[in-house]
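Take a look at the structure below.
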Amino acid sequence: MKISETRLTVVESLIVPDESGVITSTIKSLVELKSIDLIITTGGTGFGIRDVTPEAIGPLLQKQAPGLVHLLLSSSPKAVLSRPVAGICDQTLIITLPGSPKAVDECLEALLSGGILDHALALSRGADSRHLHENSAALTGAGVQTRHVHSHCGHHAPKPRTGGKMEMIPSSTFLGRLDIPSYLIVPLRARNSPFPLISLQEACQLIIKNIHHLPPITLPVNPSLRGYILAEPIYAQNDLPRYPSSNVDGYAIQASKGPGVYKVVHPGTHPRSLPVPEDSIYRINTGAPLPLGTDAVIMVEDTELVSPAPNGSGEVPSEELEVRTLAQVEVGENIRKPGSDLRKGDLIFEKGAAIGNTGGDLGALAFIGRREVVVYRKPRVAIMSTGDELADLADESDQQGEWRHWDTNRPILRGALEAQGYDVVDLGIVRDSLGAHVQALSSGLEQADIFISTGGSSMGTTDHIRPMLQEMNATVLFGRVKVKPGKPTIFAQVPCKSGEGTKPFFGLPGNPASALVTFNLFVRPALRLLGGFSIKDCQLQPVKVKLADDMPLDPRPEFHRVLVKANNEGQLEAHSTGGQRSSRASSLNSSNALVALPALVEEGPKQLLKGDMADALLIDL
Ligand code: AMP
Ligand code: MG
């Protein structure tokens with residue numbers, strides 16, 4: 001009987017070496033997944049020195065199944081010379097078959113026919129045996145989901161054949177409820193990254209191609225508008241100024257009147273809509289509209305007081321009665337014509353313009369009387385740190401201890417994100433387990449528009465970012481970039497549960513300097529793109545700086561943390577923050593820029609020297 005004729009589901013096959021430790025930990029890893037009902041191994045049960053399968057698996061069995069062993073031994077003459085073991089570990093049934101293809105065939109036939117395996121599996125999963133016996137028809141008829149794992153161990157692995165019965169039995173096959181990725185099995189994990197190493201430019205292009213603006217929203221014009229990008233062009237709604245108005249403090253006058261002594265009227269004594277009397281001039285302040293019948297303004301500096309108006313109490317006079325004008329003014333002198341600042345319909349901001357931090361942009365909107373504008377929504381950002389070794393400063397009971405590091409990356413990310421005006425959903429420190437990772441990612445994506453994790457992005461046994469992305473059916477756009485620090489940076493699009501498309505995910509490396517550098521190189525452009533920045537504006541633009549220290553070159557383009565400040569000659573000068581090892585978070589102190597060092601080339605210089613010019617990205621903006 002073939003496996004494919006049963007209701008067992010083959011999900012994966014593995015070949016493992018004849019090493020007791022590897023076999024044990026492989027089986028243990030599979031059992032710990034809790035989704036495997038049956039593991040069948042083939043091979044390694046004989047008398048040879050390399051036959052160690054029973055020794056590797058036997059100690060794991062909490063309940064022996066001597067009946068199954070007896071069945072195996074009696075079902076095949078060849079099996080008589082093998083030393084099979086069978087039994088239960090947690091809820092997983094484990095059976096070790098001999099390596100000979102014929103014996104495997106015969107043993108399987110015995111196990112699969114007559115419902116013995118179904119029965120054994122149901123029992124190993126905790127079914128009541130009496131109940132099972134009474135309902136055996138229902139058991140088989142109802143199609144109980146028996147999903148099994150079959151592994152193949154040892155040098156006796158049957159070679160794939162081109163014909164005959166053995167083809168029905170894959171040389172080594174896992175059967176299981178889930179498609180169990182082999183990276184979950186420590187000794188079998190890949191030892192090389194599956195991701196191609198791409199250049200920084202390629203990585204940036206992939207970000208640009210795969211991230212789009214969030215939908216526009218309408219917001220009031222107030223200081224919280226800083227950092228938003230306009231999703232509409234803004235035009236002047238009226239001529240400004242709307243009326244002829246004074247450009248100085250002085251007296252509105254008819255230019256045809258020459259220098260002389262005039263009575264003084266002002267807004268408190270004379271309505272602006274009536275012509276100013278022949279013998280008077282109209283006191284006016286900068287920006288105020290001119291009264292009827294005047295066509296120029298004489299500056300207060302070009303006049304002198306002739307007589308003050310006495311006030312009732314006879315104390316200090318409080319008004320001007322008459323002034324003398326000392327100069328001749330021209331028609332239109334010191335007057336702002338209507339529309340001379342802005343014409344109705346003038347373009348104030350193009351669509352895509354940023355509302356900056358200087359206040360000037362808010363002022364420009366206020367000046368034209370805009371109460372609301374349409375802008376692109378800024379992304380909300382979910383962040384998590386990963387690692388069992390991380391201690392949380394915010395948790396008073398957390399201690400650093402011998403093997404622990406303070407979580408440095410969340411303060412880095414939160415600090416930078418909040419300074420740039422993004423709302424942060426802080427998911428805390430997530431432990432090194434696939435389940436915890438998947439849960440955190442799902443929750444973060446429900447609450448935020450983009451997800452940033454740090455740590456776990458590389459090839460270590462506790463690195464769960466790749467499995468998490470696989471589990472979430474994410475599309476990984478890149479997983480390794482030729483840049484220092486920051487090689488194991490992952491960028492993916494993750495499908496959302498709610499069916500609203502995908503959301504971007506960045507898995508940044510764990511070392512703090514790598515996290516900070518990759519945040520600026522990759523995440524900042526992504527945040528900007530989501531928030532409406534154009535492609536040409538989304539990346540940090542380099543400025544030229546003079547190096548104040550020698551800086552060694554690496555085969556990868558490197559981003560050296562520096563403090564940029566003006567020197568005595570008014571040039572921007574970059575001072576190294578010292579040792580650049582990516583775990584040395586103190587290389588981040590006082591750094592406000594990253595010098596982009598070119599990759600070392602054969603025959604080229606080994607370092608840039610003090611005094612050389614280089615490009616730097618200003619990150620404190
Ligand atoms: P990983 O890729 O998770 O193995 O992390 C690489 C290195 O960065 C390890 O030494 C981690 O302990 C360290 N690391 C990871 N995350 C953080 C963090 N949030 N703060 C400080 N160090 C970290
Ligand atoms: Mg880690």
Side-chain angles (χ1 to χ4, degrees), residues 220-223 225 233-349 355-356 358-373:
V221 174
N222 64 31
L225 200 63
I234 305 286
Y235 299 100
Q237 305 168 95
N238 297 104
D239 283 354
L240 283 175
R242 298 182 75 175
Y243 306 99
S245 52
S246 178
N247 204 24
V248 293
D249 295 329
Y251 300 86
I253 190 170
Q254 220 170 6
S256 56
K257 291 179 186 167
V261 175
Y262 295 95
K263 287 190 184 144
V264 175
V265 293
H266 56 81
T269 59
H270 183 87
R272 205 167 43 82
S273 52
L274 293 181
V276 174
E278 253 321 279
D279 60 350
S280 302
I281 54 177
Y282 180 97
R283 193 171 66 225
I284 194 165
N285 291 331
T286 307
L290 262 68
L292 210 66
T294 59
D295 54 14
V297 176
I298 185 160
M299 290 167 72
V300 66
E301 291 88 339
D302 291 334
T303 64
E304 62 186 21
L305 180 68
V306 175
S307 54
N311 78 4
S313 60
E315 290 165 8
V316 185
S318 62
E319 250 312 339
E320 302 165 334
L321 195 60
E322 289 174 322
V323 296
R324 175 177 289 113
T325 61
L326 304 172
Q328 174 68 52
V329 285
E330 305 285 323
V331 172
E333 193 167 331
N334 294 324
I335 287 182
R336 298 176 190 161
K337 287 198 205 123
S340 58
D341 282 342
L342 283 175
R343 307 290 303 185
K344 180 175 179 176
D346 277 355
L347 180 66
I348 311 296
F349 288 105
I355 307 298
T358 64
D361 298 329
L362 287 173
L365 290 170
F367 183 63
I368 60 165
R370 281 297 292 250
R371 288 178 199 276
E372 290 183 330
V373 284

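Note that these values count all heavy atoms, side chains included, but never hydrogens, waters or copies made by symmetry. Residues take their numbers from the sequence shown, with the count starting at 1.
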Kindly indicate whether the side chain of [X], heavy atoms from C-beta on, has any atom under 4.5 Å from the side chain of [Y].
| X | Y | value |
| --- | --- | --- |
| L365 | F349 | yes |
| L342 | F367 | yes |
| R371 | V221 | no |
| V329 | D302 | no |

Holding to side-chain contact (heavy atoms from CB on, under 4.5 Å), I want the full list of residues that pass it with [X], two or more places apart in sequence or in another chain.
| X | result |
| --- | --- |
| A255 | D295, A296, V331 |
| N222 | P220, S224 |
| Y243 | P289 |

Which heavy atom of [X] sits nearest to which heavy atom of [Y], and what is that distance?
| X | Y | answer |
| --- | --- | --- |
| P291 | I284 | CD-CD1, 4.5 Å |
| P259 | L326 | CB-C, 4.2 Å |
| V248 | S246 | O-OG, 2.6 Å |
| V306 | R324 | CG2-N, 3.5 Å |
| V265 | H270 | CB-CB, 3.9 Å |
| A252 | L290 | CB-CG, 4.4 Å |

Legend entry - S280 side chain vs V264 backbone, donor-acceptor pair below 3.5 Å: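 No, S280 side chain to V264 backbone: no donor-acceptor pair under 3.5 Å.
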Inset, instruction - Could you check M299 against V297 for side chain to side chain contact (heavy atoms under 4.5 Å, CB included), going step by step and ending with a plain yes or no? - result: CA-CA 6 Å; M299 290 167 72; V297 176; over 6 Å; no
Legend entry - Set of residues satisfying side-chain hydrogen bond (donor to acceptor under 3.5 Å, both in side chains) with respect to N238, sequence neighbours excluded: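 Scan of N238 (side-chain hydrogen bond (donor to acceptor under 3.5 Å, both in side chains), adjacent residues dropped) gives none.
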Would you compute the distance between atom [atom1] of [X] and atom [atom2] of [Y] and round it to the nearest 0.5 angstrom?
| X | Y | atom1 | atom2 | value |
| --- | --- | --- | --- | --- |
| I368 | D346 | CD1 | CG | 10.0 Å |
| I298 | T325 | CD1 | OG1 | 4.5 Å |
| L240 | R242 | CG | CZ | 7.5 Å |
| T303 | I253 | OG1 | CD1 | 10.0 Å |
| T269 | K263 | OG1 | NZ | 11.5 Å |

Legend entry - Pairs touching residues 249-259 that satisfy side chain to side chain donor-acceptor pair (under 3.5 Å), sequence neighbours left out: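 Listed by first then second residue: D249-T286, Y251-E320.
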Legend entry - Sequence neighbours excluded, every pair satisfying side chain to side chain donor-acceptor pair (under 3.5 Å) that has a member inside residues 328-339: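 The answer is N247-R336.
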